[in-house]
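All values below come from the heavy atoms of this structure, side chains included, with hydrogens, waters and symmetry mates left out. Below, chain A is the first sequence line, B the second, and so on; all start at residue 1.
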Amino acid sequence: MGGLKRSHTCNDLRAPNVGEEVTLMGWVMRRRDHGGVIFIDLRDRWGLTQVVFNPVFNEEVHEKAHSLRSEWVLAVRGKVEKRPEGMTNPNLTTGEIEVMVDELRILNTSLTPPFPLDEESEISDNLRLKYRYLDLRRLDMAANLIMRHEACQAIRAHLNTQNFLEVETPILTRSTPEGARDYLVPSRVNPGRFYALPQSPQLFKQLLMVAGMDRYYQIVKCFRDEDLRADRQPEFTQIDMELSFVEEEDIYGITEGMIASLFKATRGIDLQPPFPRMTYAEATDRFGTDRPDIRFALELVSLTDIVRDCGFKVFQTVAAKGGMVKSLNAKGCADFSRKDLDDLTEYVGQFGAKGLAWVKVKQGGEWQSPIAKFFTDAERSNMATTLGAEEGDLLFFVADQPTIVQQSLAELRLELGRRLGLVDKSTFQFVWVTDFPLLEYDNDEKRHVAVHHPFTAAKEEDIGLLLSEPGKVRSRAYDLVLNGIEIGGGSIRIHQKDMQERMFTALSISPAEAKEKFDFLLKALELGAPPHGGIAFGLDRLMMILAGKDSIRDVIAFPKTQKATCPLTEAPAKAERKQLTELSLRPDWD
RNA sequence: GGGGUCGUAGUUCAGUUUGGUUAGAACGCCGGCCUGUCACGCCGGAGGUCGCGAGUUCGAGUCUCGUCGGCCCCGCCA
């Protein structure tokens with residue numbers, strides 16, 4: 001750097017610095033060459049400072065500055081000057097000053113970048129990821145990483161005051177059944193054996209409780225080999241916590257404090273814990289989902305009992321066969337066009353709904369609807385009352401098996417919320433969802449599987465039902481939902497060996513299989529395991545929401561494409577034959 | 001595994017509906033002019049494997065089939 005030493009960043013200098021001699025280093029963001037005076041916006045991670053090359057001030061340096069181009073790396077030494085009257089830039093934090101350059105060092109040149117590095121241009125994801133180091137040089141992307149750093153700092157600071165211990169757990173571990181597909185790593189020294197990358201540090205953090213660590217946390221990578229989404233990457237980061245001698249209320253309190261300090265540190269927002277709570281049963285009943293967006297109403301209304309004996313065969317049959325008829329009232333939407341209704345019908349179709357019945361409530365409460373004629377006056381009036389229907393409203397109905405009704409109406413509700421502008425994007429609405437079912441029946445596997453995971457404790461009063469009516473047992477699991485997005489979940493764990501064995505039985509995991517795969521856990525549970533529980537948060541999703549982005553890729557430095565590739569490194573790549581042989585792998589491809 | 005959508009200059013896009021002369025625009029880039037700009041301005045210029053491969057046709061950016069890739073979604077994600 002030619003003996004120059006940086007004195008300030010590009011977001012440091014203000015009016016009080018006028019007169020100081022400073023040295024800045026950074027990238028050429030933009031140049032405005034007037035033939036005479038030349039302006040350069042110099043950029044670093046912190047911001048922009050306008051540096052000026054004036055031939056009257058220093059002719060030699062001005063001459064040299066003509067060659068400067070986008071993204072060249074510079075060191076400039078000069079004097080901070082107050083901008084002339086009327087020339088300040090209120091859009092820049094450094095807009096009151098500029099640096100009159102007396103010495104210019106070109107630290108590196110740059111090819112013309114493959115895409116503009118401003119904040120406005122929308123570049124295709126492929127190109128952004130291929131040149132991610134350029135993409136991240138953009139100030140808005142840098143801001144995301146900076147905010148993520150601040151979030152991690154706030155989390156650590158808060159948990160440290162609460163007597164937590166940060167402990168690392170293995171990345172090379174063993175596959176456990178249930179849950180997502182594992183990433184496998186072959187073992188060279190143990191031919192035919194494989195490590196699995198952790199889907200979460202679940203068992204290790206429980207073992208840390210058995211070890212007496214009492215309060216553990218870790219900001220840790222987790223791996224799941226499943227298909228990607230805007231909010232799902234194959235490797236993602238969890239804020240993982242576990243606590244001993246606690247029950248649900250302790251977890252809620254600790255994490256509400258942590259989330260509050262996180263929001264304060266990153267966005268300056270004062271949240272008001274405690275967050276509202278809702279049981280799983282209530283959430284699915286009112287919103288059709290276990291992650292309700294409570295920023296707007298438009299709740300689902302059950303009509304199953306009302307239409308059980310009605311004249312409309314579709315509804316009647318569904319009700320008779322144990323299905324469900326639910327509805328929602330889109331207030332004031334009776335002016336929706338035929339196309340709107342067709343679009344929405346198609347929309348709910350992708351969630352399995354075979355149709356979307358609708359009613360437009362006209363003058364005097366009269367029904368305009370293809371299905372109006374199937375109902376008696378009394379039935380219509382009964383439904384209208386239940387739905388609070390008024391003139392100008394649009395009523396939607398879905399009749400099917402419960403899972404389809406709930407999901408399609410939950411999604412229809414969100415879609416209507418978006419279309420009608422019901423969502424206040426500036427608010428953060430948290431809700432704890434509690435009392436999840438412990439188990440659900442899996443039609444493919446022909447057995448019950450854990451809704452949360454196999455180490456989740458059942459509610460005391462439901463334990464008796466574990467083997468007789470497993471589907472009715474409620475668990476001590478909880479999720480934290482923010483604006484309709486699941487940002488975290490956890491549970492109070494099973495801490496006694498016999499209870500864990502009964503759980504495996506309920507899951508149709510044989511004692512032999514349990515011994516083979518979970519012997520280490522069962523042993524630990526009979527060697528003084530304390531009562532414990534915990535929770536884990538999706539850091540990427542939290543940051544996505546805090547940064548106001550639609551994809552977690554925007555808050556991850558080097559994310560992967562939807563096909564789980566990295567355009568920058570071109571991972572995954574082919575392996576050398578020799579490497580595979582060393583791993584005792586004999587591929588039958590190529 | 002499935003559905004949708006996009007792929008044209010370095011970038012972002014128009015052109016594809018209804019096949020037809022030399023594929024356009026803006027920004028960027030290159031050159032010239034310019035001493036107060038801040039998305040500087042003005043003048044000029046260069047720049048194209050229309051993702052790839054077959055096919056239909058006198059003729060394909062445009063139609064058909066296949067294929068590759070980006071994105072969104074369903075399934076999947078304890």
Within 6.0 angstrom of A:Arg291 CZ, more than 12 heavy atoms from elsewhere: no

Below 4.0 angstrom from OP1 or OP2 of [N], is there any side-chain N or O of [X]?
X        : N     : result
A:Arg128 : B:C71 : no
A:Arg32  : B:C40 : yes
A:Ser124 : B:U12 : yes
A:Gln562 : B:C72 : yes

Return the stacking result for B:U11 and A:Phe115: yes when the ring centres lie under 5.5 Å apart and the planes under 30°, no otherwise. no

With centres under 5.5 Å and planes under 30°, do A:His34 and B:U37 count as stacked?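 It does not: the ring fails the test against the base of B:U37.
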
Watson-Crick or G-U wobble partner of [N], both distances under 3.5 Å:
N     : answer
B:G48 : none
B:G41 : B:C33
B:U5  : B:G70
B:U64 : B:A54

Sole candidate of A:Asp33, A:Leu104, A:Ile38 that passes side-chain contact (heavy atoms from CB on, under 4.5 Å) when paired with A:Leu68: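 Between A:Leu68 and the candidates, side-chain contact (heavy atoms from CB on, under 4.5 Å) is satisfied uniquely by A:Leu104.
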
Is [X] touching bases, backbone alone, or none of the nucleic acid, heavy atoms closer than 4.0 Å?
X        : result
A:Asn91  : nothing
A:Thr456 : nothing
A:Val56  : base
A:Asp118 : nothing
A:Pro84  : base
A:Leu127 : sugar-phosphate

Aromatic rings A:Phe518 and A:Phe504: how do their planes relate, parallel, tilted or perpendicular, breaks at 30° and 60°?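 Parallel: the ring planes of A:Phe518 and A:Phe504 meet at under 30°.
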
Where does the angle between the aromatic ring planes of A:Tyr347 and A:Phe351 fall among parallel (under 30°), tilted (30 to 60°) and perpendicular (over 60°)? perpendicular

Using the closest heavy atom to pick a nucleotide of RNA chain B for each, name whichever of A:Thr565 or A:Phe455 lands nearer the 5' end. A:Thr565

Between A:Glu81 and A:Ala564, just flag the one whose closest nucleotide in RNA chain B comes earlier from the 5' side.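 Between the two, 5'-proximity favours A:Glu81.
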
NZ/NE/NH1/NH2 to OD/OE distance under 4.0 Å, A:Asp41 and A:Arg32: yes

Centre-to-centre under 6.0 Å for A:Phe53 and A:His66, is that the case here?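 So the answer is no for these two rings.
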
Distance-only donor-acceptor test (3.5 Å): side chain [X], base [N]:
X        : N     : value
A:Arg229 : B:C71 : no
A:Arg232 : B:C77 : yes
A:Glu98  : B:G36 : yes

Return the nearest nucleotide to the side chain of A:Arg83; candidates are B:C72, B:U35, B:U37.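 Among B:C72, B:U35, B:U37, the one nearest the side chain of A:Arg83 is B:U37.
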
